[in-house]
Amino acid sequence: MSNAVRVSEDLYYIGVNDPDIRTFDIIMKTANGTTYNSYLLKTDDGVVIFDTVKKEFEEEFFKKIESLCSYSDIKYIIMHHLEPDHSGALPELTKRVPHAKVFISPMAQPMLKSIAKTDNMDFETVWTNKELKIGSKTIKFLSTPNLHWPETMSSYIEEDKILFSGDVFGSHYYDNRLFDDLVGDFDYAFKYYYDHIMRPFKSDVINALNLYDDLEIEKICNLHGPIIRDNPSKYIQRYREWSTKTDRLHGKKIISIFYVTSYKNTKDMAHNIYEGVEADENLIANIYDLTALDEQNMIAILEESTGILIGAPTINSDVPKPVWDLLSCMMVLEKKGKFGGCFGSYGWSGEAVEMMNSRLKALKFRVPLAPMKIKLIPTKEELFECYKYGVEFGEIVNGKMVEITL
Ligand code: FEO
């Protein structure tokens, strides 16, 4: 699609397509490619650009702008997100329109100059309740941080009821018909995008949705994939359902114990820790042999668990692969408020337990107890220590005050 497309009477799509990309941000598969969405608003007092595109596509982006206005018409640039897929063309844009003021969130300020590669940029930081009046339009700014970078924000054209949501409500799904009511079935891409990009920030998603609730929204102009104009509330509701924590167990917290074992020693430790956790009737303990769990199940279990205990022996001075697989799942989960701990039997050096423990700390888990290591076959007394470790970890998850060193 080489031409700008009208989104509403005064708003145009000036984004670009990347149909051949197959992996995005290393972790996401993009079978349908993707789009880098950008928008241009014409008013009787000048032009506003909403976000730019990935650098390698900037030529097409500038052609679209030139088809709609002259550079001297552009008064403002609103950057909802500074990741390079949206800020790639910003340095060239600010060269072409040095007179334009750039609006960003306060958190974006340290990044802006290094991205734009100039010290001479006119910019202003904005947040919820700040607004920009231009011609007959009122653009309200909304603070929606961590979706999915700290500096992300949203905005809304009051007169046109159009929300600019940044990456929120995006999909990696290229279809040149552009609008959700015209493209193919992108449901899977919408959910996949949420799961990989927004899921680790569920609380921030809910905060953003609460702000969006005060708006009447007819169109959602996101940064990737189809523009949403057919019943936007349906998509908003999906985000709310996916981000709302259920209380299936009526307040009881879950502690999940994952282990791998070579000679049943770590398994015996795991089961005794499990008994210790279960001693508290306000906790639910789960125990899993990691070699029989696939990734989707790991993610579901991790998400529901307030506490996570991981046990592994040391093999060739390393942590066995199923544990690294489990730890890598954490990337797509919200870790806020979760507790972690590690244990394992070892024969010689026994580094695995410390390696797992360091990883949990790096992931910002609260790690209240020293890891529990037992040499080879646990004695009866040592298994009782495991039981007590489970009891103590459970008490901490249930609110016992301890000093946590991170
Ligand atoms: Fe689409 Fe977070 O950039």
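Side chains included, hydrogens not; waters and symmetry mates left out as well; all remaining heavy atoms used. Just so you know, these numbers come straight off a predicted model, no measurement behind them. Order of listing sets the numbers, starting from 1, for every ligand and every atom in it.
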Report summary line: The N/O/S atom of E83 lying closest to atom 2 (Fe) of ligand 1 is OE1
Report task. Could you please compute the angle at atom 1 (Fe) of ligand 1 from OD2 of D85 to NE2 of H224, rounded to 10°? Result -> 80°
Query raised in the report: Looking at H224 versus F24, is the centre-to-centre ring distance below 6.0 Å?
Result: yes
**Report entry** Contact check: D25 to atom 2 (Fe) of ligand 1, N/O/S below 2.8 Å
**Finding:** no
**Report entry** Contact check: D167 to atom 2 (Fe) of ligand 1, N/O/S below 2.8 Å
**Finding:** yes
Query raised in the report: Centre of Y12's six-membered ring, under 6.0 Å away, within 45 degrees of the axis: is that where NZ or CZ of K64 sits?
Result: no
Query raised in the report: Taking the six-membered ring of F62, is the NZ or CZ of R96 close enough (under 6.0 Å from the centre) and on axis enough (within 45°)?
Result: yes
Query raised in the report: Of the backbone and side-chain N, O or S atoms of H81, does one lie nearer to atom 2 (Fe) of ligand 1 than 2.8 Å?
Result: yes
Report task. Inspect the contact between K373 and E354 and indicate whether a charged nitrogen and a carboxylate oxygen are less than 4.0 angstrom apart. Result -> yes
**Report entry** Lys/Arg cation over aromatic W127: K130, 6.0 Å, 45° cone
**Finding:** yes
